[in-house]
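As the structure is a prediction and not an experimental result, all values here were calculated from the model. Below, chain A is the first sequence line, B the second, and so on; all start at residue 1.
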Amino acid sequence: MDDVRNNGVFDDSANELANTTEINDLMAVRRGKLERLIQAGERPYDGKTVPTHLARDVITQFEALNGQTVTLAGRLRALRIHGGASFADLHDSSGRIQLFVRRDNVGEAVYESFKELDLGDFIGVRGTVFRTKRGEISIEVESYELLSKSLRPLPEKWHGLRDIEQRYRRRYLDLIVNPESRKVFILRSEIIAYIRQALVGMGFIEVETPMLHPIPGGANARPFETYHNALDMPLYMRIAPELYLKRLLVGGFDKVFEIGKNFRNEGISTRHNPEYTSLEAYQAYADYHVMMELTEKLISGAAKEVLGTAVIQYQGREIDLTPPWPRLSMLEAIRRYTGIDFEACAGREVEVAREAGVRLKPGANAGQAILETFEQRVEEHLIQPVFITDHPVEVSPLAKRRADNPRLTERFEPYINGWEIANGFSELNDPIDQRRRFEEQVRAREAGDDEAHFMDEDFLEALEYGMPPAGGLGIGIDRVVMLLTNSPSIRDVILFPHMRPRA
RNA sequence: GAGCCCGUAGCUCAGCAGGUAGAGCACCGGACUUUUAAUCCGGGUGUCCUGGGUUCGAAUCCCAGCGGGCUCACCA
């Protein structure tokens, strides 16, 4: 395989690219260098250097390494060529280190070839750690090896890659030249790692449930449809893992969680991507109060873990994530921000909402009127963390009813910066009531609500075997990452956000 | 899906009262043996997003399309 690859594919691929890609002068120069290297017997993609140190090691352990021989590998990002002694910047995953190459040390031939390198080439270098006259810790190169020839010029080092479209489409370039973008994804990784470790530390087990669902469930959303050929049946990309995780409660796992993608066939915006990452966690013998505590603990804990503080800055706004977060019922929140008292006008909710100018779908019920009023009039005010609780039962088909008011549920949604960050409730474990709720959803669907839930007999059957009382929680991980990384768009925290294909 | 804005060199951006397309970095040639956005001398490398239209003449004005951003709608 390797032999086949090395015996002439360079020519083929060069021809291919020449035929299929527009080659500008800058690329032609690099291709010319590549050709000359190959003619000279070099193998520009076969370097074998294995680094002994990272750039950061050399800086942080300078006292110990001074005068020692080290081997590093990375991408060449700057070249300052002088007469007989040149400098270069080598970047690896840990950072930058300066190289110093002197003709008298490496010899005429090596020196000349070094000067022929292009910015973007991957090289391995062996040399001695020292400090320059100007005080910069550097590597005095004894030998170097080309590891991978770069055929395209990188974006400019000083301004980076500003074009938002290019940053998303060619994320690798964004990561190379924009350190702040790189930082966002490192933080994202740390946030998710923290959440995972925290849950495991609390005795949760991590599980994986299907992404392909015969019946999409667990949320109000339009699914992506697909098809399984061998089974000859339609399948849906999951809109939520909820119903499978609850089957695991039935199965005797008391604390489970899943971190993974959900897919929703809906609009794209600065806060919505068709596929996004959620955490869902379920705990038996717990209720929504317990899950609220878990929520504020995980989010504030993540902030403290990765930022060192629970007080964050988001787009010029200070947000204090320190628990406990206030609890505020949805009806009370509406009363506070709009003056509308739905409890005082029970039975006339739809009418009252419409009179207040709230946009409602035709055929909306009381619960939808209340929810719409909240979303259209209250949400935007909820900047500091707050748990909105006690949602109407009509819009919470999987949540347990309040014992003291069966029209409301033991549900919560934390809001931060006006965004719904999570959603949780005491899980409905009464199979009779669950069946009624599904039937209600089916009626809504038949009446034209294409986001209403489907009847899920398989899930009901599981509930009929008995599901322990449990609290459930879903957190929109991307939005948490946006908040903690001060990112204005969800696309800034997703490595490859969805884009239309290039024309 | 609607409204507003954007699309010029590899990158970052000027140019838009219509008159031969510019700068910085990058790149190419030369000088330079401790520079660091190295410096100095010389060189502009382009499908001005695409397609029509107006005009003697369009990067510039008009129309349509494509792609992107923001706001709104739906949603998390």
Side-chain angles (χ1 to χ4, degrees), chain A residues 22-30 32-33 77-89 96-106 111 115-116 118-120 130-138 140 150-170 173-174 176-178 218-222 239-240 262-280 359 361 371-372 375-376 379 413-415 419-423 449-451 474-480 482 488-492 497 499-503:
Chain A
E22 45 186 303
I23 296 189
N24 60 44
D25 289 1
L26 298 177
M27 289 165 62
V29 167
R30 288 170 183 241
K33 289 184 184 178
R77 290 295 310 284
L79 264 173
R80 293 177 290 282
I81 294 179
H82 297 220
S86 298
F87 296 85
D89 293 344
R96 182 197 84 104
I97 187 79
Q98 178 170 263
L99 307 178
F100 177 57
V101 189
R102 188 152 51 174
R103 180 183 286 142
D104 293 349
N105 292 344
V106 298
Y111 190 74
K115 292 202 299 185
E116 285 293 297
D118 286 303
L119 301 189
F130 80 114
R131 196 189 281 275
T132 64
K133 274 183 190 167
R134 297 289 175 95
E136 177 157 355
I137 294 167
S138 305
E140 181 150 12
S150 167
L151 296 179
R152 290 174 182 263
L154 291 172
E156 189 214 343
K157 62 190 169 194
W158 207 240
H159 297 93
L161 189 64
R162 285 273 89 79
D163 186 304
I164 292 172
E165 180 175 353
Q166 294 304 319
R167 290 184 47 223
Y168 297 154
R169 285 194 194 279
R170 298 199 280 190
L173 293 181
D174 181 39
I176 292 168
V177 302
N178 296 327
N220 297 82
R222 282 199 298 274
I239 54 176
N262 292 334
F263 307 86
R264 300 196 178 176
N265 205 341
E266 288 162 354
I268 297 176
S269 79
T270 50
R271 284 175 295 286
H272 302 85
N273 195 60
E275 54 182 296
Y276 70 98
T277 300
S278 76
L279 158 73
E280 286 206 9
R359 298 175 304 277
K361 287 178 186 166
L371 182 65
E372 285 298 325
E375 289 183 348
Q376 292 176 37
E379 255 184 28
E413 290 179 314
Y415 280 82
W419 306 340
E420 183 188 338
I421 290 293
N423 179 22
D449 182 355
D450 58 1
E451 290 179 1
I475 296 181
I477 294 293
D478 309 275
R479 289 187 179 177
V480 172
M482 286 173 70
S489 169
I490 197 170
R491 293 188 185 91
D492 297 323
M499 305 280 277
R500 283 195 164 84
R502 274 187 284 191

Atom [atom1] of [X] to atom [atom2] of [N]: distance rounded to whole Å?
{"X": "A:Ile137", "N": "B:U35", "atom1": "CD1", "atom2": "P", "result": "17 Å"}
{"X": "A:Tyr168", "N": "B:G67", "atom1": "OH", "atom2": "P", "result": "17 Å"}
{"X": "A:Glu379", "N": "B:A73", "atom1": "CD", "atom2": "P", "result": "10 Å"}
{"X": "A:Met499", "N": "B:G68", "atom1": "CE", "atom2": "P", "result": "5 Å"}
{"X": "A:Glu165", "N": "B:C11", "atom1": "CD", "atom2": "C1'", "result": "15 Å"}

Do A:Tyr276 and A:Arg479 get their side chains close enough for a donor-acceptor pair, meaning under 3.5 Å?
->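 A:Tyr276 vs A:Arg479: no donor-acceptor pair found between side chains.
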Could you let me know what [N] is paired to, Watson-Crick or G-U wobble, both distances under 3.5 Å, or none if it's on its own?
{"N": "B:G1", "value": "B:C72"}
{"N": "B:G10", "value": "B:C25"}
{"N": "B:A64", "value": "B:U50"}

Over all strands shown, is [X] touching base, sugar-phosphate only, or nothing at heavy-atom distances under 4.0 angstrom?
{"X": "A:Gly474", "answer": "nothing"}
{"X": "A:Asp163", "answer": "sugar-phosphate"}
{"X": "A:Arg271", "answer": "base"}
{"X": "A:Ile164", "answer": "sugar-phosphate"}
{"X": "A:Arg491", "answer": "sugar-phosphate"}
{"X": "A:Ser138", "answer": "nothing"}

Aromatic rings A:Phe87 and A:His82: how do their planes relate, parallel, tilted or perpendicular, breaks at 30° and 60°?
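Perpendicular.
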Please tell me which of the listed nucleotides, [options], lies nearest to the side chain of [X]?
{"X": "A:Phe130", "options": "B:U34, B:A76, B:G69", "result": "B:U34"}
{"X": "A:Arg170", "options": "B:G68, B:A76, B:C11", "result": "B:C11"}
{"X": "A:Val29", "options": "B:A73, B:G67, B:C28", "result": "B:C28"}
{"X": "A:Arg479", "options": "B:A76, B:C28, B:A26", "result": "B:A76"}

Provide a list of protein-nucleic acid N or O atom pairs under 3.5 angstrom, restricted to nucleotides 36-38 of chain B.
from  : atom 1 : to       : atom 2 : distance (Å)
B:U36 : OP2    : A:Arg134 : NH1    : 3.1
B:U36 : O4'    : A:Arg80  : NE     : 3.2
B:U36 : O2     : A:Gln98  : OE1    : 3.2
B:U36 : O2     : A:Glu136 : OE1    : 2.6
B:U36 : N3     : A:Glu136 : OE1    : 2.6
B:A37 : N1     : A:Trp158 : NE1    : 3.4
B:A38 : OP1    : A:Lys157 : NZ     : 3.1
B:A38 : OP2    : A:Arg80  : NH1    : 3.1
B:A38 : N6     : A:Ile81  : O      : 3.0

